[in-house]
Protein chains: 2
Amino acid sequence: MDRRQLKTRQAVFEAFTALLETKSYGSISVQEIIDRANIGRSTFYAHFETKDDLLRALCGEIFDHVFSPELGREPTHDFSGRRDLKGEITHILYHLGESRSYIRGILRRESGELFMRYFRERLEGVFGGALGEDRPDLPREYLLRHLTWDLAETVRWWMDHERYTPEEVSRFFFAAAPLEPEA
Amino acid sequence: MDRRQLKTRQAVFEAFTALLETKSYGSISVQEIIDRANIGRSTFYAHFETKDDLLRALCGEIFDHVFSPELGREPTHDFSGRRDLKGEITHILYHLGESRSYIRGILRRESGELFMRYFRERLEGVFGGALGEDRPDLPREYLLRHLTWDLAETVRWWMDHERYTPEEVSRFFFAAAPLEPEA
DNA sequence: CTGATACCGAACAAAGTGTTCTATATCGAA
DNA sequence: TTCGATATAGAACACTTTGTTCGGTATCAG
């Protein structure tokens, strides 16, 4: 990719996230973004179709990082042959913690809606494969959706409660999630 | 309240919900709303400050209905003196089911964000009082927030799965919610 | 009946959107 | 280093949307 494009793209992302820290997504105009990013109007539209497109691209950037597999690390399995869900989740939480400064602003208000949707799409891949038949009393589609929004909202909560570590948050999530069979 | 105001207000709500069935909140203009409601521009702004204000008012209208106490029905308590949470929730779900046609459109996309926020604010009142010390292993603020988003998202899911009854949905919720002590 | 008030509809300034154009600067590859 | 390709700046453009104002008309409540 051309260095010029990369520089522009970064400048836009920087300006956008900075603005999201101070005001809501809907009230941010393209004008403000390009002023802050110090680029021309036509340049912006050469990169992104609309403001929504920009948000989508930014989320994609973040998730590509968050869901990147550890270098040289295969999905692990425990002794019973099931995937190590806890390990995967903690791994994701670590990366999210690193990106906190980018994410916190997005999660406020309307833009959070879009972020959460993309986030949960990715999470379906994680949970979909790992889901056994632990809870035959619940419709599978309800259970899957439940787990993804549980984790997504847990993350959203965590972003405003800096004092907890990824491990603690992971423990909270698994303690509250409906993964074990009902007593 | 003046009949004229009431008529206008109703016409706007009707037009707004109808538009939300077909297109996203952000892409609806005030112009479309007043055209469909067949009212003058200045009239709209005499009633609502902005589009967000309209959405807020509509949500308020809906929740006033949904959370209205049954006529002459006191909050019941079971034999141990705790509030009948299951009964209250099922009651709320019934009203939500009745308002499905108004709600479904709102819940799509960005407007859902606002709806869910107001919804959860109300739910905090319901859960806050009924919460015991069942889960000392979780921070109380996390638990409270967890319960409200659980129910709110359960409702959102339900609105697109018409085949379930309020009783069934209530059962799903309580089966998945972290209310019982961990085994 | 009558005073109050809600409505209509047109006009308005202001701001934002997305496109198009030309000139300029920067890039990557030979 | 050179050179063709391409990204950018910046201005101009038509267009939509927003929120306000105002004088005239219709409808309300008492």
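Note that the coordinates shown come from a computational prediction; the quantities given were computed from them, not determined experimentally. Just so we're on the same page: letters track the sequence lines, and every chain starts at 1.
- For B/R3 against D/dT27, no side-chain N or O and base N or O form a donor-acceptor pair under 3.5 Å.
- Ring geometry, B/F115 versus B/F63: the interplanar angle falls from 30° to 60°, so the pair is classed tilted.
- To the nearest angstrom, C1' of C/dT26 lies 16 Å from CD1 of A/I39.
- Per the geometry, CG belonging to A/N38 stands 20 Å off P belonging to D/dA7, to the nearest Å.
- At whole-Å resolution of the value, NZ in A/K7 and C1' in D/dT6 are 15 Å apart.
- Ion pairing between a basic and an acidic side chain is recognised when a charged N comes within 4.0 Å of a carboxylate O; B/D160 and B/R108 show such pairing.
- Looking at A/E168 and A/R163, no side-chain N of the basic residue comes within less than 4.0 Å of a carboxylate O on the acidic one, giving no salt bridge.
- A heavy-atom distance below 4.5 Å is not found between the side chains of A/Y25 and A/R109.
- Look at CE on B/M1: it is 19 Å from P on D/dT27, rounded to the nearest Å.
- The side chain of A/T8 contributes no N or O atom lying less than 4.0 Å from OP1 or OP2 of D/dA7.
- When the P atom of D/dA5 is taken as reference, atom CD of A/Q5 falls 17 Å away, rounded to whole Å.
- Listed nucleotides D/dT18, D/dT8, C/dG18 differ in distance to A/T50; the shortest reach to its side chain belongs to C/dG18.
- Judged by distance alone with a 3.5 Å cut-off, a donor-acceptor contact links the side chain of B/R4 to the base of D/dT27.
- No donor-acceptor contact under 3.5 Å links the side chain of A/R41 to the base of D/dG10.
- The shortest distance between the side-chain N/O atoms of B/T43 and the OP1/OP2 oxygens of C/dA6 is not below 4.0 Å.
- Atom CZ of A/F44 is separated from atom C1' of D/dG10 by 17 Å (rounded to the nearest Å).
- On a pure distance criterion of 3.5 Å, a polar donor-acceptor pair joins the side chain of A/S42 and the base of D/dG10.
- One interatomic measurement links the two molecules: CG of B/D2 to P of C/dG3, which rounds to 18 Å at whole-angstrom precision.
- Salt-bridge annotation for A/E113 and B/R156: present, with a side-chain N of the basic residue lying under 4.0 Å from a carboxylate O of the acidic one.
- The side chain of B/H47 contributes no N or O atom lying less than 4.0 Å from OP1 or OP2 of C/dA6.
- Nucleotide D/dG19 holds its C1' atom 5 Å from the OH atom of B/Y45, rounded to whole Å.
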